[in-house]
Amino acid sequence: MRVRFLSGVFVAALTIGAPDAHAQTAAEAKAFVENAEAEAAAMSQYTNRAAWVRANFITADTQWLDSRASGQEKEMVVRLAREAARFDGVAVDPVTARKLKRIKLYMTIPAPDRPGAAIELATLATKLNSTYSTGKFAYAGRTLTLNDAEDILAKSRDPAETKAVWEGWHTISPVMKPDYAQMVALANEGARGLGYADTGALWRDGYDMAPDAFAAETDRLWKQVEPFYRNLHCYVRARLNGKYGDAVQARTGPIRADLLGNMWAQQWGNIYDIVAPKGVASSYDLTQLLTDEGYDATRMVKTGESFYSSLGFAPLPATFWERSLIVRPQDREVVCHASAWDVDDADDIRIKMCTKVNAEDFYTVHHELGHNYYQRAYSKQPYLFRGAANDGFHEAIGDFAGLSALTPTYLKQIGLLQTVPGPEEDIPFLLKMALDKIAFLPFGLLVDRWRWDVFSGKVAPAQYNDAWWALRLKYQGLTPPGPRPADAFDPGAKYHVPGNTPYTRYFLAHIYQFQFHRAACKIAGWAGPLHRCSVFDRKDVGEKFNTMLEAGRSQPWPQTLESFTGEDRTDASAIIAYFQPLDAWLTRQNKGERCGW
């Protein structure tokens, strides 16, 4: 899920260029920051609107316009970053110092500082994004979009069909490989101009800590949750073996990626029917509840708005309902990937998603609106501080809301359930959650691990696909459904790769959301199991939560985290606490299995 808010995408830079012969002063630094901030704010509105039009009307003309706007922005960013370097070493006030750093941290894909390079890079980025968004393939006499393919993978239990559809979608990406390799080369040239070895090093420096320290931090967090993931993998593999037999899915070793109900096997909730615990069933199905209650796409979004209103947040502006894209139009190509937009860095907030009435999109609505409420909360900050404390925060805000939104407690609060099931249904509930939340964690980590190696040159274009699958095996314990073609570029079949959206933010978000949830439930005085807590209608939670959101990126993220949770370090122990009953149950189920791969 992607957020479009250019002021919220920053990456750190080192000293750029050489200082002027003229000795700079603190007053000159402050004046420069004020002018740069105004220029960047005006450019943001221009590029946001160009990108919105291109995403909602994909044509050659809108792609051209978006490329030009993006290229102009990249040229501005490079110029401002180099000008900001004149003040390296100048003693300035803390606010000016932080703003100077924000100027240097502005873009994830930096353009080289030479004529035409910014436009070339922007054109490549737009082409890659649009190639993905318009991707289609032929199957069984039909032309399928990604949405069509995802529906088949979610519902089909024919391994021949899932293999064909999985492989079909992955045929859209080989054509991207040369453009992607060229984009990497240009971005690395730009990163070196900012003082970095490569773009991956630049990305890792955006978390108020050194790049190597950040990599070590993500390793530490993974080690906290890896044993639970392996427990889940072992259980799911055994059930798939029981369903399909050894010829399709062996009882030991890795899992075949197309059997997990999701194109990238990043979430496994769609195969719950295969892995459901025996003798214990859920008494309700959220998709069916929504259907039975006559929900449509707009009502789904209205319900999400009501959740935030119950915490004390003001209603969404009228322009949200006038300008958002909530259902897929039938008359044009659009980017259907769900996203939240802050078009004017003030109050023109929107979502863009092809909403379906189902449990997945019920959650997604709460998630995307979280971005919008965060954007509005920090809109009163100076322009350069309008953004998340770090990019993991932006993704976690809505996921935190989603943790309440999926509980039977909340479903009863909003009238979708008449009674809350008893503790006998905890294992089915937690298993459904784990199939999405825990199954995602290794994928959330490996996407950028692959890109870090690509940017560093450790992985050359000829090894792109082999390196991708080596990481998917290492972290996820997965293999493709069959041998991959020599020209395969499977990373390009995942939106965030051609879309150039850093992905570690989603891994971090899956940690933060549980940390936020534990803190919120403590504020609310919740005494029951963490997985049954809903903070709906708790304005005491909303008040403290909003204080965290309003801070934006005006201070180091550990301070912002502490303001809500009381903790100044990312901690995955809240995940372990949330899922503890399930982890113990899985251990019992896996007795006698040969876990691992």
Inset, instruction - Determine, for Phe214 and Arg204, whether the Lys NZ or Arg CZ falls below 6.0 Å from the six-membered ring centre while staying within 45 degrees of the axis. - result: no

Legend entry - Basic-acidic side-chain contact under 4.0 Å: Glu333, Lys136: yes

Legend entry - Residue pair Gln476 / Tyr229, side-chain heavy-atom distance below 4.5 Å: yes

Inset, instruction - Would you confirm whether Asp348, through its side chain, and Val343, through its main-chain N or O, come within 3.5 Å as a donor-acceptor pair? - result: no

Inset, instruction - Classify the angle between the aromatic ring planes of Tyr363 and His367 as parallel (below 30°), tilted (30 to 60°) or perpendicular (above 60°). - result: parallel

Legend entry - Sub-6.0 Å ring centroid separation between His366 and Phe362: yes

Inset, instruction - Rounded to the nearest 0.5 Å, what's the gap from CG on Asp258 to OG1 on Thr479? Could you check? - result: 8.5 Å

Inset, instruction - Would you mind reporting whether Leu316 and Ile349 have side-chain heavy atoms less than 4.5 Å apart? - result: yes

Inset, instruction - State, yes or no, whether a side-chain contact exists between Asp205 and Tyr196 at a heavy-atom distance under 4.5 Å. - result: yes

Inset, instruction - Heavy atoms only: give me the nearest Val335-Arg54 pair and the separation to one decimal. - result: CG2-NH1, 3.7 Å

Legend entry - Ion pair check, Asp179 and Lys127, cut-off under 4.0 Å: yes

Inset, instruction - Would you check if the side chain of Asn465 reaches a backbone N or O of Trp468 as a donor-acceptor pair within less than 3.5 Å? - result: no

Inset, instruction - Check for a donor-acceptor pair, side chain of Asn188 on one end and backbone N or O of Thr199 on the other, with a separation under 3.5 Å. - result: yes

Legend entry - N/O donor-acceptor pair under 3.5 Å between Thr126 side chain and Asp66 backbone: no

Inset, instruction - Kindly indicate whether a cation-pi arrangement holds for Arg350 with Trp52, taking the cut-offs as under 6.0 Å to the six-membered ring centre and within 45° of the axis. - result: yes

Legend entry - Pair Val459-Asp466, side chain to side chain contact (heavy atoms under 4.5 Å, CB included): steps then yes or no: CA-CA 9 Å; Val459 172; Asp466 288 343; over 6 Å; no

Inset, instruction - Check whether any side-chain heavy atom of Gln63 sits under 4.5 Å from a side-chain heavy atom of Ile58, and report yes or no. - result: yes

Inset, instruction - Taking all non-hydrogen atoms of both residues into account, name the closest pair between Ala118 and Lys74 and its distance. - result: CB-CB, 3.9 Å

Legend entry - Close side-chain approach of Phe307 to Thr303, heavy-atom, < 4.5 Å: no

Inset, instruction - Using only heavy-atom distances, determine whether the side chains of Asp399 and Gln513 contain a donor-acceptor pair under 3.5 Å. - result: yes

Inset, instruction - Show your reasoning for whether side chain to side chain contact (heavy atoms under 4.5 Å, CB included) applies to Leu369 and Phe313. - result: CA-CA 12 Å; Leu369 290 180; Phe313 290 89; over 6 Å; no

Legend entry - Value rounded to 0.5 Å, distance of CE in Met176 from OG1 in Thr131: 5.5 Å

Legend entry - His371 (side chain) donor-acceptor with His394 (main chain) under 3.5 angstrom: yes

Inset, instruction - Please confirm whether the backbone N or O of Tyr272 pairs with a side-chain atom of Lys432, one donor and one acceptor, at under 3.5 Å? - result: no

Legend entry - Ser324 (side chain) donor-acceptor with Ile326 (main chain) under 3.5 angstrom: no

Inset, instruction - Using atom types as modelled and distance alone, determine if a side-chain donor or acceptor of Thr62 lies under 3.5 Å from a backbone N or O of Phe57. - result: yes

Inset, instruction - Could you tell me which non-hydrogen atom of Arg256 sits nearest to which non-hydrogen atom of Lys163, and how far apart they are? - result: NH2-CB, 3.8 Å

Legend entry - Asn48 side chain to Asp342 backbone, donor-acceptor under 3.5 Å: yes

Inset, instruction - Hey, can you tell me if Tyr512 and Phe516 have their rings parallel, tilted or perpendicular (30° and 60° cut-offs)? - result: parallel

Legend entry - Within-4.5 Å side-chain heavy-atom neighbours: Leu186 and Leu124: yes

Inset, instruction - Search all heavy atoms of Pro502 against all heavy atoms of Asp448 and return the closest pair with its distance. - result: C-OD2, 3.7 Å

Legend entry - Carboxylate-amine/guanidinium contact Glu75 Arg79, below 4.0 Å: no

Legend entry - Value rounded to 0.5 Å, distance of OG in Ser70 from CE in Met43: 10.0 Å

Legend entry - Smallest separation among heavy atoms of Arg376 and Pro317, with atom names: NH1-CD, 3.8 Å

Inset, instruction - For the pair Phe440 and Tyr506, name the ring-plane relationship: parallel under 30°, tilted 30 to 60°, perpendicular over 60°. - result: perpendicular

Legend entry - Side-chain heavy-atom pair Phe507, Leu221 within 4.5 angstrom cut-off: yes

Inset, instruction - Would you check if there is a donor-acceptor pair between the side chains of Asn372 and Tyr308 at a distance under 3.5 Å? - result: no

Inset, instruction - Check each of Asp490, Asp453, Val184 against Tyr464 using the side chain to side chain contact (heavy atoms under 4.5 Å, CB included) test, and report the only one that passes. - result: Val184

Legend entry - Taking every non-hydrogen atom, the tightest pair across Tyr475 and Leu446: CD1-CB, 3.9 Å

Inset, instruction - For residues Leu290 and Asn358, determine if any side-chain heavy atom of one lies less than 4.5 Å from a side-chain heavy atom of the other. - result: no

Inset, instruction - Spell out, as yes or no, whether a donor-acceptor pair under 3.5 Å connects the side chain of Arg472 to the backbone of Trp264. - result: yes

Legend entry - Parallel, tilted or perpendicular: rings of His337 and His496 (30°, 60°): perpendicular

Inset, instruction - Take the angle between the ring planes of Phe489 and Trp450 and call it parallel below 30°, perpendicular above 60°, tilted in between. - result: tilted

Inset, instruction - Please determine if Arg299 forms a cation-pi arrangement with Tyr295, meaning its NZ or CZ atom is less than 6.0 Å from the six-membered ring centre and no more than 45° off the ring axis. - result: yes

Inset, instruction - Could you go through the side chain to side chain contact (heavy atoms under 4.5 Å, CB included) check for Lys494 and Met263 one step at a time? - result: CA-CA 9 Å; Lys494 175 61 181 170; Met263 186 62 74; over 6 Å; no

Inset, instruction - Report yes if the distance between the aromatic ring centroids of Trp169 and Tyr132 is under 6.0 Å, otherwise no. - result: yes

Legend entry - Candidate list Asp151, Thr287, Asn147, test side-chain hydrogen bond (donor to acceptor under 3.5 Å, both in side chains), partner Lys356, passing option: Asp151

